[in-house]
Amino acid sequence: MSQEGYDHTAVEKRWQEAWADASVYRTPDDVTDPTYVLGMYPYPSGKLHMGHVRNYTITDAYARFRRMRGDDVLHPMGWDAFGLPAENAAKERDTNPRDWTFDCIDTMRGQMRSMGFGYDWDREIATCTPEYYEWNQWLFRRFYEEGLAERRDAEVNWCPDCETVLADEQVEGEAELCWRCDHPVEQRELEQWFLRITEYADELIDAIDDLEGWPDSVRQMQRNWIGRQYGTTLTFEVGGPETDHGAVEAFTTRADTVYGATFFALAPGHPISETIAEADAAVRTFIDEEADPEGDEPNGVATDLTAKNPVTGAELPVFVADFVLSDVGTGALMGVPGHDDRDHAFASKMGLPIEPVIAPKPDGYDPESGDPPAPPDVSEAAFTDDGVLVNSDDYTGMESAAAREAITEETAGAEPTTQYRLRDWGISRQRYWGTPIPVVHCHGDCGSVLVPEAELPVELPAFINTTGNPLDAAEEWKATTCPSCGGPGTRETDTMDTFVDSSWYFLRYVSPELSDAPFDSDRANDWMPVDQYVGGIEHAVMHLLYSRFVTKFLADYEGLTAREPFTNLLAQGMVQLDGSKMSKSKGNVVSPQRIVEEYGADTARLFMMQAAQPERDFDWSEEGVRSTYRFLTRLTALVEDHAEALSEHVPDATAALDEDDLIWVDPDDPTAAYVAGEIDATVAVATAEYDDLTFNVALREAQGLVGTLRSYADHEEPDPAVLGHGLSVAIRLLAPVIPHLAEELYATLSGKPANVVDDGVDVDSAADHPFVVDAPWPTADVDREAAELRRRLVANTREDVRQIIEVAGIEDPTAIDVVVAPDWKYDALEIAVESDADNLISAIMAESHIREQGDAAASYGQDLQAEREALSRTLPGDAEYEALRAAAWLIEREFDAPVTVARASEADDAVVRKAEPGRPAIDITE
RNA sequence: GCGGGGGUGGCUGAGCCUGGCCAAAAGCGGCGGACUUAAGAUCCGCUCCUGUAGAGGUUCGAGGGUUCGAAUCCCUUCCCCCGCACCA
């Protein structure tokens, strides 16, 4: 009946409309501390891709799960709507970025609706609206007022193709390519606006330790990015025959190796390098032509300068070398070839001396009394570990860590110094489609002046199609008056990096309409932080670091109580095809739209969620999709086939479904008891897995339950209460992932089949119809461990029956007897598990009722003794008996033979003998 | 080089934290059977080797160790992926 599947298009459309009509996903402003579930908002590129679908299915499923568990949930969506691609697209199509962007947003919003994502659309934001970016400008003002925004000259990464500045993070790979257009990036000197994120470097790195809900990989990436290092700044007097360049600072993490310094090196861009290049042709040539910072070889050129080692007083030769980088440390370093690989390579190449001053620490070395170890041989390779100082005057014999401290303290001009790799955040972009930086450059003497808060937002002028920055060409817009002196002024034409937009958008959802502040403080303090954030690993550093920075700033200066924005973070894996990432350039893209048309959104969602853990990559498989679709088709058929019968037997299905998950099971119907037990076990496992976001395991459980229910429904005379309950549970367990079909089936099961709706009775007038969205999550009061023991017993027993029949070559069994072990064996096992007595057999035999069993007891005792360490508890004998009785129908069905489950007292001794706890005796008659 | 994550049966992929019930879930693929005029769908099994009563053997990248017992813990080693990197 169902090879065509079910009418997913009609089902999905029907419920999308019903949800919208009933505003089921609305989160009222007055709820208290809702569970805040957030997916990283997308750039509106025009179409949803599979990565989006996966991302938002994860948040949607989790949000729905929490909702069914009774939480208020905040699950909003918005648009990262500024950015260069809109500008490029506008140029190509001869339109403007605004229209193009809103077109894209409309399309994508429609696709999200068609996926069934349950967002509170009343909270939708788009960062390109003045109502939003006004608050970027406000935020910029606040940074400026607190001394954390400043304008300065800076060497910046410049993409000649995009004609804009890029952050370091936006420059990719060794080849230094633009992250957007893959064009090689150049360096330029420009006046730029910076936010001083480095002021927060320590807190940003220290607080990572407490982000326990974040993946280790992301935490580590942030630590690396901030790159804090403790070390020492040493001062070297640098001079030559004719000139004195004065004190030059060099940073080192290895002050303990200072006695091993045999040269000093300056970056080609260091001011002294520039100075000496004026008089020294070799240096000039080296800087201009030979220096190759990207190459593997360390290159350098000698100068006529020397640097005085501040500890030893030695005069070291000074080189200009390309492996010294201007933007690392001070752009100058002491070379210690004995204990640094790169210095070693350079010294070997230049024929400089290599001196060992650190020796490996001998075992049990005591710096107080021990003789210093012999210096290692460093002629071939540097010894880079910490150790014990040698050849270091008074410091000889000290351990590295202590020596670093002592040298830093005792050397004139030496300072303990902390270095960071993190740089201030350059937010200036020479582009149109972004937030205008709210500054006016006074033509008089006022300099750069903030636009007053009352005059915000500074709105973008109409788009001008030009090769440079359109804002530069907007002459009328540019010309303004200085807010300070009232004289003529020019607007700042830089716009902000779009990472400013995304660094606080999660706060805007709290009060998206608010017109006099970026967010409602009281509500933000109640609703923040985001409980579960989900997005791609590509944002591990930039977006997440900036968001943490801005949150801390708002905590310090605007009274926000949260110091971290995201409590739990999930970096979802990629959707791949044949093992590689889907991408347009490779042409291996699977269109979500096609999948929705062909199989429906529910199929796409279920397939993705059951394919793998959310954080792992997985391969898209058309076969897997089809298999998922077949599952949904079978489920639909199962519910439809039985709904009518159930409603006859269950007088008020609706009430029964909603009220309670405790159902009465006929004690004389072991099959019903088995199914009821399976239902409970499924709920227990699936709930825990949903909590952990391991949807794949939860769904496997739910699908397994559906299989059990189908078998049960085929069984003669299923208990309608049990079957109805089971179907209700299965539907609810699947509902977060297949919301449309779950609604449909829930309605069918409730005796309000959807075709009634089709005939003109609309959904919300059927007031007694409960949405599964709002249905209570099923509950179970079972011990997961006991449920698993029972499952295992049943599975093992069935497996054993199969094996016997196969191995013994039984063609057609006529009777199968299953006999549970006698009680005394359970008692003996219990004693064996508990006991730590040397002689297990005597411990067991101490029990008179076991001793009475004579040889059988002795023999079983020996078995227990032999396997003593491996023994584990089973279910009690009565529970095993009940579980096997309940599962007998499965064996009967499989082998088409009557199955008798018996207690030991009811069975033949010869058979009973083989029975053990956890392993009933099986006797098959041919 | 540093840091992070991996290597499991024909494939995908769980298990590993908390060792035993693990020859190892699930899906896919393959094989056999039921149903069907047939195909499809659906259902029941099988799918490392041997085995006429639930057994035995060899497996979880490689080698070693701890343990009564290791896919699981420890060490060494090889390979793959990701991030950072001539970072002083």
Side-chain angles (χ1 to χ4, degrees), chain A residues 1-5 174 215-225 227 229 231 250-254 257 265 267 292-299 321-325 327-336 340-343 345-346 384 419-421 537-538 540-541 579 607 610-613 615-619 621-624 626-628 630-631 633-634 637 694 696-697 699-701 703-704 707 710-711 714 788-789 792-793 795-797 799-810 866-874 893-896 914 918-924:
Chain A
M1 65 173 268
S2 49
Q3 66 226 46
E4 297 89 14
E174 301 256 324
D216 287 340
S217 59
V218 173
R219 297 207 280 175
Q220 195 57 39
M221 283 163 78
Q222 295 218 345
R223 285 192 195 101
N224 288 346
W225 191 261
Q229 279 192 306
F251 176 77
T252 178
T253 54
R254 293 299 303 273
T257 64
D292 176 20
E294 261 95 75
D296 291 336
E297 275 283 286
N299 302 306
D322 62 1
F323 67 88
V324 187
L325 307 178
D327 59 349
V328 174
T330 61
L333 58 80
M334 65 169 186
V336 185
D340 180 280
D341 290 328
R342 187 209 42 222
D343 293 349
F346 186 72
T384 57
Q419 277 272 323
Y420 302 89
R421 214 180 72 95
I537 189 75
E538 65 273 21
V541 176
F607 168 66
Q610 52 136 62
Q613 284 176 23
E615 48 273 275
R616 298 184 80 121
D617 297 344
F618 78 95
D619 261 20
S621 142
E622 199 73 16
E623 196 47 52
R626 276 197 284 271
S627 153
T628 303
R630 288 198 299 265
F631 167 77
T633 305
R634 270 177 270 145
T694 38
N696 54 330
V697 181
L699 294 167
R700 180 167 81 217
E701 284 291 326
Q703 288 176 291
R710 296 183 70 214
S711 300
D714 288 343
E788 282 174 359
L789 277 176
R792 210 172 292 148
L793 172 72
N796 288 349
T797 305
E799 174 67 27
D800 284 345
V801 172
R802 272 177 220 132
Q803 271 207 44
I804 293 168
I805 287 176
E806 191 201 321
V807 174
I810 297 169
E867 290 176 75
R868 185 160 181 192
E869 304 291 338
L871 296 175
S872 60
R873 232 174 271 276
T874 63
R893 194 192 50 163
E894 188 172 333
F895 297 100
D896 200 23
K914 286 185 287 184
R919 193 159 195 257
I922 297 165
D923 190 54
I924 300 172

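A note on names: the letters A, B, ... follow the listed sequences, proteins ahead of strands, and every chain is numbered from 1. For clarity, every value in this text was computed on a predicted model and none was experimentally measured.
Every residue two or more places apart in sequence or in another chain that forms a salt bridge (Lys or Arg N to Asp or Glu O under 4.0 Å) with A:Arg254 is listed here: A:Asp256, A:Asp386. Judged as a side chain to side chain contact (heavy atoms under 4.5 Å, CB included), and not counting sequence neighbours, the contacts of A:Arg626 are A:Tyr599, A:Glu622, A:Glu623, A:Arg630. Checked against salt bridge (Lys or Arg N to Asp or Glu O under 4.0 Å), A:Glu297 has the following partners two or more places apart in sequence or in another chain: A:Lys349. With sequence neighbours left out, the ring-ring contact (aromatic ring centres under 6.0 Å, His included) criterion links A:Phe251 to no other residue. Not counting sequence neighbours, A:Asp923 has no partner by the salt bridge (Lys or Arg N to Asp or Glu O under 4.0 Å) test. With sequence neighbours excluded, no residue satisfies side chain to side chain donor-acceptor pair (under 3.5 Å) with A:Thr384. In terms of the side chain to side chain donor-acceptor pair (under 3.5 Å) criterion, A:Thr330 has no residue partners (sequence neighbours excluded).
Annotation: B:G5 and B:U59 have their P atoms spaced 29 Å apart (nearest Å). Spacing between B:U58 and B:G13 at atom P, rounded to whole Å, works out to 30 Å. Taking atom C1' on both nucleotides, B:C35 is separated from B:A53 by 32 Å, rounded to a whole Å.
A:Val324 comes within 4.0 angstrom of a base, heavy atoms only. Using a 4.0 Å heavy-atom distance criterion, A:Glu297 is classed as a base contact. At a threshold of 4.0 angstrom between heavy atoms, the contacts of A:Asn299 with the nucleic acid are absent. The residue A:Ile924 sits close to a base: some heavy atom pair falls under 4.0 Å. In this structure, A:Leu793 reaches neither bases nor backbone, as no heavy-atom distance under 4.0 Å exists between it and the strands shown.
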Its contact letters, B for base, S for sugar-phosphate only and - for none at protein heavy atoms under 4.0 Å, make nucleotides 16-24 of chain B read ----BB---
Annotated protein contacts, base or backbone, on nucleotides 27-36 of chain B with a non-hydrogen cut-off under 4.0 Å, one of B, S, - each: SSS-------
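Nearest to the side-chain atoms of A:Asn224 among the listed nucleotides B:C87, B:G83, B:G54 stands B:G83.
A sub-4.0 Å separation between OP1 or OP2 of B:A85 and a side-chain N or O of A:Arg421 is present. Not one side-chain nitrogen or oxygen of A:Arg219 sits closer than 4.0 Å to the OP1 or OP2 atom of B:G3. Within the 4.0 Å cut-off from OP1 or OP2 of B:A55, at least one side-chain nitrogen or oxygen of A:Arg919 is found.
A straight line from CG of A:Asp327 to P of B:A85 spans 11 Å, rounded to a whole angstrom.
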